[in-house]
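Presented below is the structure to which this report refers.
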There are 2 protein chains.
Amino acid sequence: MKVTNGETAQLGTIEKVVNHFSDNRPTKDCPVTDVLCRISDKWTMHAIISLGKAEKLRFTELKKKIEGISQRMLTVTLRTLEEDGFVTRTIYPQIPPRVEYALTPLGRSLVAQIMSLSNWASENMEEVFKARERFKLN
Amino acid sequence: MKVTNGETAQLGTIEKVVNHFSDNRPTKDCPVTDVLCRISDKWTMHAIISLGKAEKLRFTELKKKIEGISQRMLTVTLRTLEEDGFVTRTIYPQIPPRVEYALTPLGRSLVAQIMSLSNWASENMEEVFKARERFKLN
DNA sequence: GTTTTGAGTTACTAAAAGTAACTAATATAT
DNA sequence: ATATATTAGTTACTTTTAGTAACTCAAAAC
């Protein structure tokens with residue numbers, strides 16, 4: 001990053017992010033950190049991946065797809081995703097209830113990122129498991 | 001764990017605990033999920049981003065860069081990253097101690113993924129904040 | 001009139017994260 | 001000779017978050 005006469009140079013996205021993380025600024029003052037912390041959550045990532053594979057899913061369908069999630073954590077996760085604008089929640093006034101969850105355009109743009117990370121995990125898990133074996137022997 | 005000058009590092013309690021939980025890892029779960037859960041962690045992502053910026057960093061340097069992290073969480077995070085083969089831990093037998101952390105090739109391939117996610121967060125944070133405002137009004 | 005259904009709540013327990021003080025071993029300063 | 005600074009952690013403790021299981025609502029089917 002080059003600075004001339006007290007003026008900051010135009011930054012590309014990578015430099016902006018790097019800048020955010022290198023600054024000694026409280027977490028609450030860094031919006032990138034804020035958003036990243038919301039995304040970097042186990043159940044959030046799973047919910048987004050599941051919704052990315054289907055057009056829309058009901059609560060119970062999601063619960064079946066996200067192995068190991070509790071009803072409470074699914075509710076909490078979906079509420080947060082809705083709050084952040086990643087997911088829409090459509091309630092059909094029926095008994096028993098029918099609630100459909102679907103990704104927003106913003107959510108769909110995030111899917112690409114998380115799918116990429118998921119694919120990375122799939123491609124590299126063997127090496128991770130080997131590393132764990134090696135670590136155990138020390 | 002890499003040790004120079006043929007010196008053997010001693011395992012502290014935290015390291016033993018990490019080992020113990022590694023052995024009791026739920027292997028019945030999907031291995032991709034296993035790896036994804038390890039990566040999708042706030043401090044893990046910050047540590048990888050910091051190490052991706054620099055060639056190598058000492059413990060205290062990392063602590064300064066990862067705003068808000070406690071010494072305990074930095075230790076736990078770095079041990080897990082080491083266990084999974086994402087970082088190397090090089091101990092120089094000096095007093096006061098000198099320990100250098102650096103990404104492995106596996107860790108460097110992960111940096112690209114996490115940087116991409118960070119960039120997404122940077123580009124889309126405004127829309128997320130707008131969504132939160134809209135949600136509050138309901 | 002009891003059971004079933006879907007999408008949650010609620011109350012409770014277990015686990016993880018955060019906080020602050022403490023340690024080791026030596027070099028340097030007082 | 002004693003005190004202080006240094007680095008990379010640990011330990012004990014508190015708070016926050018996640019997980020578990022039972023409960024709810026309202027109608028429709030049995």
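Chain letters run A, B, ... following the sequence lines, proteins first, then strands; residues in each count from 1.
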Please examine the side chains of A:Val99 and A:Thr90, heavy atoms only from C-beta on, and report whether any two atoms are closer than 4.5 Å.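 They are not in contact (no side-chain heavy atoms under 4.5 Å apart), so the answer is no.
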
Non-hydrogen side-chain atoms of B:Phe86 and A:Val128 separated by less than 4.5 Å: yes

List the steps and the verdict of salt bridge (charged side-chain N to carboxylate O under 4.0 Å, His left out) for B:Lys136 and B:Glu133. CA-CA 5 Å; B:Lys136 269 199 283 189; B:Glu133 286 305 312; 3.4 Å; yes

Could you state the [atom1]-[atom2] distance from [X] to [N], rounded to the nearest angstrom?
X	N	atom1	atom2	result
A:Gln94	C:dT5	CD	C1'	12 Å
B:Glu61	D:dG9	CD	P	13 Å
B:Phe59	D:dA8	CZ	C1'	6 Å
B:Leu74	D:dG9	CG	P	8 Å
A:Lys64	C:dT5	NZ	P	10 Å
A:Ile91	D:dC25	CD1	P	18 Å
A:His46	D:dA18	NE2	P	15 Å
B:Ile66	D:dG9	CD1	P	13 Å

Could you tell me whether A:Tyr92 contacts a base, only the sugar-phosphate backbone, or nothing, with contacts defined as non-hydrogen atoms closer than 4.0 Å? nothing

Return yes when atom CD of B:Glu55 has more than 12 non-hydrogen atoms of other residues, nucleotides or ligands closer than 6.0 Å, and no otherwise.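 Not buried by this count: 12 neighbours or fewer within 6.0 Å.
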
To check you understand the geometry: which heavy-atom pair defines the closest contact between B:Leu57 and B:Ser50, and what is its length?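 Closest approach of B:Leu57 to B:Ser50: CD1-O, 3.7 Å.
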
Contact summary for A:Ala121 and B:Val32, nearest pair of heavy atoms: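 It is CB-CG1, 4.0 Å.
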
Rounded to the nearest 0.5 Å, what's the gap from [atom1] on [X] to [atom2] on [Y]? Could you check?
X	Y	atom1	atom2	answer
B:Tyr101	B:Glu61	OH	CD	12.0 Å
A:Met45	B:Leu36	CE	CG	6.0 Å
B:Lys42	A:Ser40	NZ	OG	8.5 Å

Please check the phosphate of [N] (OP1 and OP2 only) for any side-chain N or O of [X] closer than 4.0 Å.
X	N	answer
B:Arg58	D:dG9	no
A:Thr60	C:dA7	yes
A:Tyr101	C:dG8	yes

Side-chain heavy atoms nearer than 4.5 Å, only ILVMFWY residues, links allowed to pass through others: does that put A:Met115 and A:Leu117 together? yes

Check whether A:Val76 and A:Ile49 end up in the same hydrophobic cluster, where Ile, Leu, Val, Met, Phe, Trp and Tyr are linked by side-chain heavy atoms less than 4.5 Å apart. no

What's the angle between the local helix axes at either end of the helix from C:dG1-D:dC30 to C:dT30-D:dA1, using five pairs per end and rounding to 10 degrees?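 The two end axes of the helix from C:dG1-D:dC30 to C:dT30-D:dA1 meet at 30°.
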
Which comes earlier along DNA chain C counting from the 5' end, the contact point of A:Pro96 or that of A:Thr75, where each point is its nearest nucleotide?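 Comparing both residues, the 5'-ward one is A:Pro96.
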
Restricting both atoms to N or O, compile the protein contacts to nucleotides 17-20 of chain C shorter than 3.5 Å, with distance only.
residue	atom	partner	partner atom	Å
C:dA17	N7	B:Arg72	NH2	3.0
C:dG18	OP2	B:Trp43	NE1	2.9
C:dG18	N7	B:Arg72	NH2	3.0
C:dT19	O4	B:Arg72	NE	3.4

Would you indicate which nucleotide in C:dG8, C:dA7, D:dG9 comes nearest to any side-chain atom of B:Arg79? D:dG9

Using a strict heavy-atom distance below 4.0 Å, which residues from residues 80-88 of chain A are in contact with DNA chain D?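 Nucleic-acid contacts, sorted: none.
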
Run B:Trp43 and B:Leu74 through side chain to side chain contact (heavy atoms under 4.5 Å, CB included) and show every step you take. CA-CA 8 Å; B:Trp43 297 132; B:Leu74 183 55; over 6 Å; no

